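In listed order, ligands and their atoms are each counted from 1. Every value quoted in this text rests on a predicted model; they were computed, and no experiment measured them.
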Amino acid sequence: MNYSEIMIRYGELSTKGKNKMRFVKKLSQNIKEALSIYPDVQIYCDRDRGHVYLNGTDYQAVSTSLKKIFGIQSFAPSYKIEKSVPALKEAVQAIMKNIYQEGMTFKIAARRSDHSFELDSRDLNHVLGDAVFTAIPTIQVQMKKPDITLRVEIRTDAAYISHEEIKGAGGLPVGTSGRGVLMLSGGIDSPVAGYLALKRGVEIEVVHFASPPYTSPGALKKAHDLTRKLTVFGGNITFIEVPFTEIQEEIKEKAPEAYLMTLTRRFMMRITDRIREKRDAMVIINGESLGQVASQTLESMQAINAVTNTPVIRPVVTMDKLEIIDIAQDIDTFAISIQPFEDCCTIFAPDRPKTNPKIKNVEKYEALMDLEGLVERAVTGIMVMEITPKEEVKDDVDSLIEDLL
Ligand code: ATP
Ligand code: MG
């Protein structure tokens, strides 16, 4: 017997009252996108449950994809059975014989949403429980925490039986919390920050600063690959590459070593904010983690943050490095992050950056530069592309730039 559908239980969104249908609609859309690689699969989401009809598709593969979709609390692969008592009896016997192992306990949990069916849920529990005893005479019933819970649902179209419940990714459907711009380096922290933002329903676009020839094509590819890893959680991601060479050279020329980091970060923040505005996004997301490196003291964050009023979300700010690495391994970004390609920040990084930069000094050095011109040229020079879960990076620059301007 093969599974015919997977029944989905929604996560937190079931508590969202009036907005519920908006959440369900978005989740349904995300599931459809993620499962579009399986042409025979059909998806239908109602107010309370989602249904993935397998139509012969391999259940394991679909299950692997489902586990990554935010907004799903759990899901249960189910067998579709003809809505008659003899057919149900035969089915529970076959299923139980297949999964039963010596000493296991069980219970039947029947539910009847089609009230015209001849037996109510209590009668169903009895009749089908008896059928199990006939098939496996030594089996014991247990109401509290049995080894096997056989769920039987009588719906309008048919009856459905399931016995395993698989944990989903939790979180909120991507896109239900609005859009943010993720500052993605090639490091360990920012992809994790992006993943955590996606988990809370924020749709992301990626901004990456590149300083060729100081940074290599390898560093850029790393950022592409990291972005591709994030696409499995929320679908395609727009990747925006910012030319940063001119600014880094200018900073190097005009400011003392100790202030390079602060000035670089302030430029990144200004440019990201400008891009955010054009892309109609609400917040900036980055991978800053308190105390991890010299540029990530509270004083430093304050100096960097001072260039914008836009909320900056720092999902990993209070995490230990090892906690961040754990997540990076889970989401499969760690191995890419540790590839040895120089980031634009490491190249110009001073040995001893200021841990408590003074805004007054920062502004003094910035006054020596054509701030507006530098930012403007960087924003005008951006390259936009769409990164998809499967394919190689697609250059669709023209149409995307059109969208942007
Ligand atoms: P990460 O592991 O994310 O690189 P990090 O611990 O190395 O973080 P920093 O190098 O100080 O920290 O960078 C802090 C944050 O600034 C990064 O998490 C990222 O959000 C942003 N950032 C740094 N470099 C870049 C870059 N080249 N492009 C886009 N964002 C960047
Ligand atoms: Mg870094």
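- Against a heavy-atom cut-off of under 4.0 Å, I188 is close to the following atoms of ligand 1: 2 (O).
- Where the criterion is an N or O separation shorter than 3.5 Å, residue side chain and backbone included, V207 fails it with respect to ligand 1.
- Considering backbone and side-chain atoms alike, N286 places every N or O at 3.5 Å or more from each N or O of ligand 1.
- Evaluated for a side chain to side chain contact (heavy atoms under 4.5 Å, CB included) with I304, the options M268, R265, M261 yield exactly one hit, R265.
- Under a cut-off of 6.0 angstrom, the local environment of NZ in K97 is sparse, with at most 12 non-hydrogen atoms contributed by other residues, nucleotides or ligands.
- Within a 6.0 Å sphere centred on CG of N309, heavy atoms belonging to other residues, nucleotides or ligands number 12 at most.
- With no hydrogens or angles considered, a side-chain donor-acceptor pair links T310 and D273 at under 3.5 Å.
- Of the listed residues (H208, Q296, M301, M261), the one carrying the non-hydrogen atom nearest atom 12 (O) of ligand 1 is Q296.
- Among the atoms of K321, none of the N or O lies under 3.5 angstrom from an N or O of ligand 1.
- When non-hydrogen atoms are compared, ligand 1 lies under 4.0 Å from the backbone of L184 (N, CA, C, O) but not from its side chain.
- Residues Y79 and Y3 place their aromatic rings such that the two centres sit under 6.0 Å apart.
- Between G186 and ligand 1, no N or O atom pair is found at a separation short of 3.5 Å.
- At least one N or O atom of M183, backbone or side chain, sits closer than 3.5 Å to an N or O atom of ligand 1.
- Atoms of ligand 1 found under 4.0 Å from any heavy atom of G187, numbered from 1 in the order shown, are 1 (P), 2 (O), 4 (O).
- For the pair M268 and ligand 1, the shortest N or O to N or O distance does not fall below 3.5 Å.
- Among K360, K254, R270, the one residue that satisfies the salt bridge (Lys or Arg N to Asp or Glu O under 4.0 Å) test with E366 is R270.
- The aromatic ring centroids of Y53 and Y44 lie 6.0 Å or more from each other.
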